[in-house]
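Chain letters run A, B, ... following the sequence lines, proteins first, then strands; residues in each count from 1. Heavy atoms only: backbone and side chains are in, while hydrogens, waters and symmetry mates are out.
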Amino acid sequence: MCVKMYEIVKAEKLTPDVTRLEIAAPHIARKAKAGQFVMLTVDEQGERIPLTMADFSAEKGTVTIAALEIGKTTRKLGTLKAGDKLFSLVGPLGLSTHLEEFGTVVCVGGGIGLALMYPVVRALKQAGNRIVSIVGAKNKDLLMYEDEIAAVSDEIFVCTDDGSKGHHGFVSDVLQKLIDDKQKIDLVYAVGPIIMMKVMANLTRPYNIHTVVSLNPIMVDGTGMCGSCRVIIDGETKFGCVDGPEFDGHKVDFENLTARNKRYLAEEETSLRVFQGAK
Amino acid sequence: MAEEKKKSRIVPKKYPMPEQDPKERVRNFNEVPIGQDKETAILEAKRCLQCKPSPNRKICKDGCPVEIDIPAFIKQLQEGDLEGAMSIIREKQNLPAVCGRVCPYENQCEGLCIIGKKNEPVGIGRLERFLADWERNEQKHGRVETHPSTGRKVAVVGGGPAGLTVAGDLAKLGHKVTVFEALQYSGGVLVYGIPEFRLPKDIVKAEVDFIKRSGVEIKNDFVVGKLDTVDDLLKEYDVVFVGTGAGLPKWTNLEGENLNGIMSANEFLTRVNLMKAFRFPDYDTPIRVGKTVVTLGGGNVAMDCARTALRLGAEESVILYRRSDAELPARREEVHHAHEEGVKFELLAAPLKYIGDDCGNVKQIEAIRMKLGEPDDSGRRRPIKIEGSNFIVDCQTVLVAIGQSPNPLVPMTTPDLKTTKWGTIVVDAEGRTSKKGVFAGGDISTGAATVILAMGDGKCAAKTMHKYLMDDPSWPAPEAFEKGAC
Ligand SMILES: Cc1cc2nc3c(=O)[nH]c(=O)nc-3n(C[C@H](O)[C@H](O)[C@H](O)COP(=O)(O)OP(=O)(O)OC[C@H]3O[C@@H](n4cnc5c(N)ncnc54)[C@H](O)[C@@H]3O)c2cc1C
Ligand SMILES: Cc1cc2nc3c(=O)[nH]c(=O)nc-3n(C[C@H](O)[C@H](O)[C@H](O)COP(=O)(O)OP(=O)(O)OC[C@H]3O[C@@H](n4cnc5c(N)ncnc54)[C@H](O)[C@@H]3O)c2cc1C
Ligand code: SF4
Ligand code: SF4
Ligand code: FES
């Protein structure tokens, strides 16, 4: 069978509201690197949204994305099946993760961040680092990619907000403990909700531990032509899509990012209401 | 002598172009000028004197960057031979329905029209538009001739007017052309920038389809530099043309610019035109304007923003520009349309800072009055602040339309491509860059300009590329590109 461009070759649910899609895009898979993202449009009426590549394989000619279904576009994605085609898929975009042998890298991920974190952890491991992963979710059913991440980590800590698995509490508790135990940490890589990345950056700042975060500002084109994605780094305006998405967590203006990501809340609600009404 | 006699019978004004009523049109995105009918177009054509070119005076044709034989096509139209007229235009012009709408013809062909010296010039732009529309609607967009293959392969980076012109011209000469375009639709600024009410997207699509039918392949969603680089392309193609435009927004860099509600003209227009946010929620991309929209800048882009804002429901749309009416860089016709639709002009005023509310949304601009001083390097009078004249404008949206810079991605990923300090790619007079086999043109080499100049660049580069491919693979020495480079 011939697989067409942007055809979905595999669709599955990782949790009740996270969909993982493997998409035929050999040209992108060939060039993709850890930390980069794609912009996709589901159908002609659709919005262009950025999603990090949770995996990519040049051999299979596919890229994989995992989306948390929070609004209209991500919910539409959740209805797609193998054989369906996307209207548009652009990538690989953004700068890839800076890789070198840092020493010990603590990788922290929360919620959907776990899917995005996996290729980065894998690449950091391949670059010769000792990896300590801290993975967190609300409860054990929402934990994703635990086995995959464990396979490329030297050590892994699991936390859940409700204590249903691993440590009862937040990923920050575990990181704080590692620091208190005087563990040598050369780099912290954190990806997840904005609030989590902000807490991580605040936590490591007094100890001067370099901390990289992966930001998720609202994007339109993802190629540097509009500035919808601008973020403030060390007082300077940067474009998330071309200068990022990864930045030095100690320099990010998280308040501005949080406010900017609420720009279209009212319209997003309308969109979702109309979509659900129509279904 | 014959001309003299005819001049006495000249109809002094252009035949009117019917337009949507301003009150009506500010509530829709339909095209503003409705178009002329055949009878009117022929009458308009008959105003033309059929001047003969001569070395000591310039006529219409000398003002057209793509060298359309204007008197010749008008002659066919005078005689009612629409097909003949159109085939003359098609010889030189790959995007006639587009140029007939957005060309600044008042400074170009019509600016040199002999009749225009004392009366209104012949409406060359609207005649071109009429013929192109007639061809698209009545002729199913003309015949497409195929050409014997030369076996040469051409890569074009960017599917804007410059790239499409190169593609169309080289396909006509039998080369195998592939266009790589970053966005999901082709046309560059024609699809993401210029609004529907000035240039309907169906028309751009029809023009692009015409180019495709002449054998050009277009790969959309392909960002050169992120996927293949120019160097990668050179392994597979004999030549590469770079026409990636001036897509990078400029900012005011004033305090508060990252507040919610402040966006670049590019973001605003891309949301509305490319993503069709004006049809939200049928289309998913959101846009919000609020009660008052302030647009900073005075060019075509600013006019497009201010007029679009009204159509999205803004009660008040204000242009804030630091010089006076006479210096507005926008086409006069656009300024006139903006006035008719109720856009307010706050001239001789410049922003100082943006003021936000507690939630991070812009609520005001602090601005200052300006006066004009001595002319600067550009020959325009320099605006000077009038101390103490600060004032406040309330607004919910600010659109920053103060210019665009060249798109840096291709130069950044092609190390041996020389650029100027403004980031434009250095080219010689015939479109060659400092890298052998690589050509460039349009906004990426000139800085933000016009559709027709980008097409003119494309034409010129296409000629050189053809020569390079067929018989003369020589290349200027590197020193030729030192001037202007950094
Ligand atoms: C570089 C990058 C990588 C990302 N990777 C992933 C990923 O791998 N998995 C995942 O689930 N999510 C990821 N996101 C977030 C994802 O893009 C948004 O969740 C998605 O756009 C929401 O669209 P929606 O229509 O479903 O929701 P909406 O109801 O439209 O929006 C919900 C929220 O998502 C954010 N959002 C909305 N539109 C956009 C947009 N155009 N661009 C960015 N954010 C937007 C806003 O904060 C908004 O409040 C990433 C974001 C960025 C910038
Ligand atoms: C809002 C607005 C209104 C305007 N109004 C007028 C008008 O009325 N009349 C007029 O004559 N001119 C007008 N202009 C100017 C005119 O549109 C431009 O001068 C013209 O489009 C330049 O053509 P171009 O082909 O050089 O570049 P563009 O039209 O910018 O096209 C460049 C193309 O290259 C693509 N691209 C960029 N980087 C890459 C990459 N790395 N890989 C692949 N593709 C890439 C872009 O997506 C784009 O499609 C206006 C401009 C704007 C923004
Ligand atoms: S392309 Fe532009 S300049 Fe040339 S004839 Fe047409 S309107 Fe005039
Ligand atoms: S200059 Fe004017 S009148 Fe003379 S040929 Fe051209 S369009 Fe006709
Ligand atoms: S998303 Fe448009 S510039 Fe980054």
Side-chain angles (χ1 to χ4, degrees), chain A residues 5-6 25 27-28 30-31 36 38-49 71-73 76 87-94 218 220-232 237 239 242 253 255-268 270-275, chain B residues 181-185 189 192-193 219-223 225-229 232 244-251 253 257-271 274-277 279-288 356-361 400 404-405 407-409 412:
Chain A
M5 284 262 275
Y6 317 152
H27 57 304
I28 301 178
R30 209 156 31 89
K31 293 274 176 173
Q36 289 186 299
V38 291
M39 297 289 305
L40 66 77
T41 318
V42 179
D43 49 37
E44 216 179 322
Q45 284 79 30
E47 186 174 359
R48 278 169 78 102
I49 65 158
K72 178 170 178 185
T73 310
K76 265 198 213 165
F87 178 68
S88 136
L89 182 72
V90 188
L93 298 172
I218 295 181
V220 179
D221 59 298
T223 64
M225 70 173 228
C226 78
S228 167
C229 62
R230 57 203 198 275
V231 287
I232 304 178
T237 298
F239 282 11
V242 289
D253 182 340
E255 276 66 41
N256 179 260
L257 178 62
T258 309
R260 284 188 63 77
N261 268 17
K262 291 190 184 142
R263 269 184 289 162
Y264 289 110
L265 275 186
E267 289 78 5
E268 284 153 2
T270 307
S271 212
L272 188 57
R273 212 176 41 240
V274 173
F275 178 61
Chain B
E181 166 53 51
L183 294 170
Q184 66 267 45
Y185 298 108
V189 172
Y192 78 73
K219 288 194 176 173
N220 290 98
D221 293 339
F222 197 112
V223 184
K226 285 291 177 183
L227 285 164
D228 291 346
T229 60
D232 293 331
T244 46
L248 208 68
K250 285 190 188 156
W251 299 97
N253 295 318
E257 199 160 33
N258 292 325
L259 287 165
N260 287 347
I262 303 180
M263 60 188 129
S264 70
N266 267 5
E267 176 181 351
F268 179 67
L269 293 171
T270 303
R271 283 180 181 274
L274 189 77
M275 304 309 300
K276 301 220 179 341
R279 291 171 64 183
F280 180 86
D282 291 341
Y283 280 69
D284 296 346
T285 305
I287 191 75
R288 182 191 298 175
D357 66 12
D358 297 340
C359 310
N361 302 312
V400 183
Q404 281 113 251
S405 328
N407 195 315
L409 187 55
M412 247 163 44

Next item on the list: Look at Pro249(B), Pro281(B), Ala277(B) and state which one has the largest set of heavy-atom pairs under 4.5 Å with chain A.
Entry: Pro249(B)
Notebook entry, point to check: Are any non-hydrogen side-chain atoms of Phe222(B) and Val90(A) less than 4.5 angstrom apart?
Noted result: no
Notebook entry, point to check: Non-hydrogen atoms of chain A under 4.5 Å away: do they reach the side chain of Phe280(B), the backbone, both or neither?
Noted result: side chain
Item checked: Tyr192(B) vs Met225(A), side chain to side chain contact (heavy atoms under 4.5 Å, CB included): CA-CA, chis, key distance, verdict -> CA-CA 11 Å; Tyr192(B) 78 73; Met225(A) 70 173 228; 3.7 Å; yes
Checklist line | Donor-acceptor under 3.5 Å (Asp221(B) side chain, Ser88(A) main chain) | finding: no
Next item on the list: Could you tell me the separation between the OG atom of Ser228(A) and the CZ atom of Phe268(B), rounded to the nearest 0.5 Å?
Entry: 13.5 Å
Check: Below 4.5 Å, heavy atoms only, C-beta onward: do Arg271(B) and Cys226(A) meet side chain to side chain?
Finding: no
Item checked: When Glu268(A), Glu44(A), Lys262(A) are compared by non-hydrogen pairs under 4.5 Å with chain B, the top option -> Glu44(A)
Item checked: Side-chain ion pair, Arg263(A) and Glu267(B), N-O less than 4.0 Å -> yes
Check: What part of Glu255(A) gets closer than 4.5 Å to chain B, counting heavy atoms only: side chain, backbone, both or neither?
Finding: neither
Next item on the list: Report yes if some heavy atom in the side chain of Arg30(A) is under 4.5 Å from a heavy atom in the side chain of Asp228(B); otherwise report no.
Entry: yes
Next item on the list: Output the option from Gly360(B), Pro408(B), Ser264(B) having the highest count of non-hydrogen pairs under 4.5 Å with chain A.
Entry: Ser264(B)
Next item on the list: Against chain B, work out which of Gly46(A), Gly224(A), Ala266(A), Gly222(A) has the most heavy-atom pairs shorter than 4.5 Å and name it.
Entry: Gly46(A)
Checklist line | Which portion of Leu89(A) sits near chain B, non-hydrogen atoms under 4.5 angstrom | finding: backbone
Note to self: Any non-hydrogen side-chain atom of Leu409(B) less than 4.5 Å from a side-chain atom of Thr223(A)?
What the structure shows: no
Checklist line | Best-contacting candidate, Thr237(A), Asp43(A), Thr73(A), against chain B by heavy atom pairs under 4.5 angstrom | finding: Thr237(A)
Check: What distance do Phe239(A) atom CZ and Leu248(B) atom CG have between them, rounded to the nearest 0.5 Å?
Finding: 6.0 Å
Notebook entry, point to check: Contact part of Leu272(A) toward chain B, heavy-atom cut-off under 4.5 Å: side chain, backbone, both or neither?
Noted result: neither
Check: Relative to chain B, which segment of Arg230(A) carries a heavy atom at a distance below 4.5 Å: side chain, backbone, both, or neither?
Finding: side chain
Next item on the list: Measure Asn258(B) against the heavy atoms of chain A and call it side chain, backbone, both or neither at under 4.5 Å.
Entry: both
Note to self: When you compare the side chains of Asp221(A) and Thr270(B), does any donor N or O come within less than 3.5 Å of an acceptor on the partner?
What the structure shows: no
Next item on the list: Would you give the length of the straight line joining atom OG1 of Thr229(B) to atom NZ of Lys31(A), rounded to the nearest 0.5 angstrom?
Entry: 5.5 Å
Check: For Lys276(B), is it the side chain, the backbone, both, or neither that has a heavy atom closer than 4.5 Å to a heavy atom of chain A?
Finding: neither
Margin query: At a heavy-atom distance under 4.5 Å, which candidate from Gly227(A), Gly71(A), Pro92(A) has the highest pair count against chain B?
Written below: Pro92(A)
Next item on the list: Answer whether the closest heavy-atom distance between the side chains of Arg48(A) and Gln184(B) falls below 4.5 Å.
Entry: yes
Notebook entry, point to check: Could you state the interatomic distance from CG (Asp284(B)) to CD1 (Ile49(A)), rounded to the nearest 0.5 Å?
Noted result: 10.0 Å
Note to self: Checking Arg279(B) against Gln45(A): is there a side-chain donor and acceptor pair closer than 3.5 Å?
What the structure shows: no
Note to self: At a 4.5 Å cut-off on heavy atoms, which part of Ile287(B) comes close to chain A: side chain, backbone, both, or neither?
What the structure shows: both
